[in-house]
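The next block holds one structure in the form of structure tokens; read it before the comments.
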Amino acid sequence: MYSIIVHGGVGVVPGDKQEAVIAGVREAVLSAIPILEGGGSSLDAVEAAIMVLEDNPLFNAGTGSVLTFDGDVEMDAAMAQGSSLGFGAVAGIKNIQHPISLARMVMEKTDHVLLQGSGAQEFARMMDVPSHNPITEERRAQWQTYRENFLRGDAGDWPKLKALMKEHPEFMHGTVGAVVVDDQGEVAAGTSTGGVFLKLLGRVGDTPLPGAGTYATKFGGASSTGLGESMMRTLITKTACDFMRMGLDAQGAASGAVNMLSNTLGTEAGIIVVDCHGGVGFAQNTAQMAHAYFKQGMAQPIAEL
Ligand code: ASP
């Protein structure tokens with residue numbers, strides 16, 4: 001039995017964008033269903049779903065990624081495979097359309113787990129990945145406003161940025177992720193993000209780090225969203241996978257992992273989870289986390305905030 005769940009990030013979605021965001025996560029799931037229906041792999045399904053989300057400028061991944069403090073885009077992405085504990089990731093990658101595909105290439109074509117910065121860029125060139133500008137006019141305008149507001153307050157250190165994000169949860173909205181179990185019981189998870197608005201150049205978030213933003217084992221997989229620094233410190237996706245190894249289903253693992261983060265660091269977090277038996281789960285401690293899922297046998301995907 002196959003299942004897929006995707007997320008479009010935690011954070012409040014403005015009223016005028018809600019319909020389009022729900023349609024976006026639904027479209028991502030729909031793009032992966034024919035792959036799974038035809039006996040395709042969970043890795044192919046995760047990649048296809050995330051590519052759709054990376055191409056949708058509403059989400060903070062690929063085209064439409066948020067800008068750094070300096071007005072650039074540096075993206076992070078990761079792909080994980082459960083049975084082999086396979087993991088490939090890129091951090092701080094610029095000017096490409098699909099960071100998730102490059103992350104998969106790191107897993108499949110190198111002996112490394114994570115390539116960052118200029119090395120990741122060089123790897124993209126070697127793999128003949130075409131150049132693509134992911135900065136949209138809308139994101140640039142938002143960046144200008146946020147940066148001005150930020151500079152009008154105190155200097156740009158992280159506690160201030162965290163306070164700003166609490167006031168404006170929409171800052172974090174839009175990271176994307178997908179977790180799939182295919183017909184063979186193979187689990188895969190992927191996550192892709194532009195990071196957080198106004199991050200310092202060189203800041204790497206949780207997304208490309210195993211067990212933080214992305215993880216998969218033979219028992220299940222997970223992709224998280226929220227303030228990356230907290231995900232790294234709590235290893236939230238590894239925690240969810242450990243819960244599944246101990247026998248919890250996907251929903252129990254998702255709820256348990258978010259509770260753990262809420263009870264420790266208390267920052268905003270969301271997670272999507274799939275277990276090897278086809279169960280899907282999701283949990284967040286924020287008002288919203290755009291997500292959609294489909295389990296073999298359902299008439300159509302469920303997509304909601
Ligand atoms: N986790 C991402 C990061 O900190 C942000 C997000 O999920 O929206 O890079």
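Sequential numbering from 1 along the given sequence is applied to the chain's residues. Order of listing sets the numbers, starting from 1, for every ligand and every atom in it.
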Query raised in the report: With a 4.0 Å cut-off, would you call Glu229 and Arg203 a salt bridge?
Result: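 Yes, this pair counts.
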Taking distance alone, with N or O pairs closer than 3.5 Å, would you say [X] contacts ligand 1?
X	value
Thr175	yes
Ser224	no
Thr225	yes
Gly228	yes
Thr193	no
Gly226	yes

Query raised in the report: Going by the angle between their ring planes, with limits at 30° and 60°, are Tyr215 and Phe87 parallel, tilted or perpendicular?
Result: tilted
Query raised in the report: Quick one: are Leu36 and Gln296 in side-chain contact, heavy atoms under 4.5 Å?
Result: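 In short, these two side chains do not touch, never coming nearer than 4.5 Å.
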Requested in this report: Test Glu122 against Arg125 for salt bridge (charged side-chain N to carboxylate O under 4.0 Å, His left out), laying out the working first.
Outcome: CA-CA 5 Å; Glu122 182 54 29; Arg125 267 191 296 276; 2.9 Å; yes
Query - Non-hydrogen atom of Gly195 closer than 4.0 Å to ligand 1 - result: yes
Query - Shortest heavy-atom approach to atom 4 (O) of ligand 1 - which of Met75, Glu268, Arg203, Met289 - result: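 Among Met75, Glu268, Arg203, Met289, the closest heavy atom to atom 4 (O) of ligand 1 comes from Arg203.
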Looking at [atom1] of [X] and [atom2] of [Y], how far apart are the two atoms once the value is rounded to the nearest 0.5 Å?
X	Y	atom1	atom2	answer
Phe282	Thr225	CZ	OG1	14.5 Å
Met51	Ser31	CE	OG	9.0 Å
Ser224	Met289	OG	CE	10.0 Å

Query raised in the report: Which of the atoms of ligand 1 are close to Asp206, meaning less than 4.0 Å from one of its heavy atoms?
Result: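 So the atoms of ligand 1 that pass are 1 (N), 2 (C), 3 (C), 4 (O), 9 (O).
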Report task. Indicate, as side chain, backbone, both or neither, the part of His7 found under 4.0 angstrom from ligand 1 when only non-hydrogen atoms are considered. Result ->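 No part of His7 is near ligand 1 at this cut-off.
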